[in-house]
There are 2 protein chains.
Amino acid sequence: MPDVRRPNLASNITADDVAEAIGVSRWTVNRAFKKDASISPKTRSKVMEAANKLGYVPDLRAAALASDRSNLVALLVDDFANPHKLVMMERLTRILRKHGWDTLLVNTLDRADAGHAILNASQRRVDAAILIGIQFDDEVLETALHARRFHKLIIFARTSRHPNTISIAVDDASAMQEITGYVAEHGYRRPLFLAGPRTYSAHLLRKETFLGCWEARFGTIPESAEVPAYDPILAEQVVTRVLTGRPRAEMPDILVCENDALAIGAIDVIRHKLGLRIPEDIAVTGFDDVPQCQSPNYALTTYRQPLTEMAEYLVDVLESSEDRDFDRAFKGKLIARTSA
Amino acid sequence: MPDVRRPNLASNITADDVAEAIGVSRWTVNRAFKKDASISPKTRSKVMEAANKLGYVPDLRAAALASDRSNLVALLVDDFANPHKLVMMERLTRILRKHGWDTLLVNTLDRADAGHAILNASQRRVDAAILIGIQFDDEVLETALHARRFHKLIIFARTSRHPNTISIAVDDASAMQEITGYVAEHGYRRPLFLAGPRTYSAHLLRKETFLGCWEARFGTIPESAEVPAYDPILAEQVVTRVLTGRPRAEMPDILVCENDALAIGAIDVIRHKLGLRIPEDIAVTGFDDVPQCQSPNYALTTYRQPLTEMAEYLVDVLESSEDRDFDRAFKGKLIARTSA
DNA sequence: TATATTTTTGCACCCGTGTGCAAAATCACA
DNA sequence: TGTGATTTTGCACACGGGTGCAAAAATATA
């Protein structure tokens, strides 16, 4: 077969080709594609027209290589069982793309793999790494910060106090205070706190705040249970184990869950395995306001994080060249439904 | 402030630095990082040691630029309301990464944006684009194939007959035949098919197969309804509209849903708005086997796609340099639970 | 030890674009 | 029309590594 190139592959049209076609230099062509570049409108439109005709688009690899700015971020996720991750990924990719940023999705398989995942991302020379998983403990963060060339390491939707890290999250303390208030004022008196895995300091924040607030109000420390991952299926197992066979008098009257993933599993068990009603027998609260919360089946009272606002702030952080403390905690909103 | 470079940024260690440190040429250093390269074991380990000490890792941008192979794929998604997308993203990113491929996650905001999204990906010179959305109609595919430089355009988990496209999907026809058989043999006689949006030819496949099979068996064409997106919330609305106020005799005895997202919405409505029991009053089947299907609340009878196998095949396709017909349909598995 | 064979290493050139500056072109105004 | 101010354009050099081949080194063979 002769050396025929399929025209729709258009594999090697560069700025030079466009430049030659209209008799300008390559640099002029690239300028036409650059916002705020010093180029006359006439030339620009001439370039764009030719580029369009030839099917030219600038090569972002080469641009990144030459400028040391890729407009690419790595999004590291390790917790796909939590439906809230889907919401976060949607929101982040949408807003990032709106501002010209692309997203490398890295599935951190497990704790041991986190280092590799980060290394992997660093080889693509991303401008920043955004962590929305749970298994990133201090050790992993150190690895990331140590040898690698991330300009910015951002912990999104989780509070982190790590000094070289940027934390963009909801204000857990005030959120849990609000939830505690809601629970107390609605007459619940025997709460059980359903916590997620204790892999990272930040996670204790919600639990501790709740227990602390409750103690301050009533002088007793509520019971709590721990689920090894933010996975409704695992939450089912834990709740089953903790509540099955309890005398009615010792049953909690409300399950305060660290997030919706746990709350959803809890509701399923309470209703279908324990045969109890929600909220009459046991009420439930969550955190995140995942789409399922709206389902009449769950109608989950929960706390919504201002994800869009947080993502917009993230973009500001990415585009800022200052070197200040970017940590920020946002206020969310308690969404009262019928589960509590 | 003097020009002090933070050591942990390690921003410009190149193969040259490593080469100089141990007295070899740059090319030897890069060879050490390349599998199957012709290099002596001694030299390689010397290089690796030095690289490790200096914190050097090859720059994949430069490698991609020079070799015209990026080991990067774009994953285009537009349908984040469907929980199955989360499963697919997890599986794909996991398996791709296992084989050394990175994933660019592109959120195709809406139909009109699909073209931009594809252009965007092409500018990163990805080796292939993988579509797991629904809004990619023939027009969009043409755009993608036309001016852009994708080596491969893959439609994943959906059948496509587009000639320049690679379709890796489950065999919809045989799957729906199996479901039809299950439904018929379990005594259901008044099915209603709940379909998704009619944006793309492939989507009619499941519906048409079901209606066709049913007609062949019983001589009647079942009723059907259409939901404008694979979103449980929208499915709730449609099912409510279609079933509310119907005399009992005209109620379907089973809802055969095009996928789980629709089935889940349907179950919620049937139970909580219509006050009927599942499966006694109305049974439900889905498609995909999302994690929620296991919940005792849904216990959804559904059809599981062999996602891992499909993803592994995808990698084979990516790594193949032949130019043959890669389309392939996989057999999945009917998962019987108590919803039907 | 000399020669043939194989393995290992070095190198010229290329991938496609950004940066800062100097040259050229255009414009403003007397 | 001439001069200076301003905009627009061109260019040398850089970004970091891949490719194929030739030179050099190591090994095998006689």
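Worth saying up front: this structure is predicted, and the values here are computed from it rather than measured. In what follows, every chain begins at residue 1, and chains take the letters A, B, ... in the order their sequences are listed.
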Can you measure [X] atom [atom1] to [N] atom [atom2] for me and round it to whole angstrom units?
| X | N | atom1 | atom2 | answer |
| --- | --- | --- | --- | --- |
| B:Arg44 | C:dT7 | CZ | P | 15 Å |
| A:Gln123 | D:dG16 | CD | P | 14 Å |
| B:Glu20 | D:dG17 | CD | P | 14 Å |
| A:Arg61 | C:dC14 | CZ | P | 17 Å |
| A:Arg124 | D:dG17 | CZ | P | 14 Å |
| B:Leu54 | D:dG16 | CG | P | 15 Å |
| A:Arg69 | C:dG16 | CZ | P | 23 Å |
| B:Asp36 | D:dG18 | CG | P | 14 Å |

Any A:Ser40 side-chain nitrogen or oxygen under 4.0 Å from OP1 or OP2 of C:dT26: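 Result: no.
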Side-chain N,O (A:Thr43) to OP1/OP2 (D:dT9) below 4.0 Å: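 For D:dT9, OP1/OP2 do have a side-chain N/O of A:Thr43 under 4.0 Å.
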Only counting residues at least two apart or in another chain, list the ones meeting side-chain contact (heavy atoms from CB on, under 4.5 Å) with [X].
| X | answer |
| --- | --- |
| A:Ala37 | A:Arg31, A:Lys34, A:Arg44 |
| B:Ser25 | B:Trp27, B:Thr28 |
| B:Ala50 | B:Val18, B:Ile22 |
| A:Arg328 | A:Glu309, A:Tyr313, A:Phe330 |

Closest-nucleotide ordering on DNA chain C, the 5'-leading residue of A:Lys42 and B:Ser25: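 So the residue in question is B:Ser25.
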A:Leu318 to A:Ala128 - nearest heavy-atom pair and separation: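 That would be CD2-CB, 3.5 Å.
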Just list the side-chain donor-acceptor pairs under 3.5 Å for residues 113-121 of chain B, sequence neighbours left out, or say none.
unit_1, atom_1, unit_2, atom_2, d
B:Asp113, OD1, A:Arg97, NH2, 2.9
B:Asp113, OD2, A:Arg97, NH2, 2.0
B:Asp113, OD2, B:Leu109, N, 3.1

Heavy-atom protein contacts under 4.0 Å, nucleotides 17-23 of chain C, coded B base, S sugar-phosphate only, - none: BBBB---
Sugar-phosphate only, base, or nothing, as touched by A:Leu65 at under 4.0 Å among non-hydrogen atoms: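 Base: the residue A:Leu65, judged by heavy atoms under 4.0 Å, touches a nucleobase.
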Check ion pair A:Asp68-B:Arg61 (N to O, under 4.0 angstrom):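 Here A:Asp68 pairs with B:Arg61 in a salt bridge, since their nearest N and O are under 4.0 Å apart.
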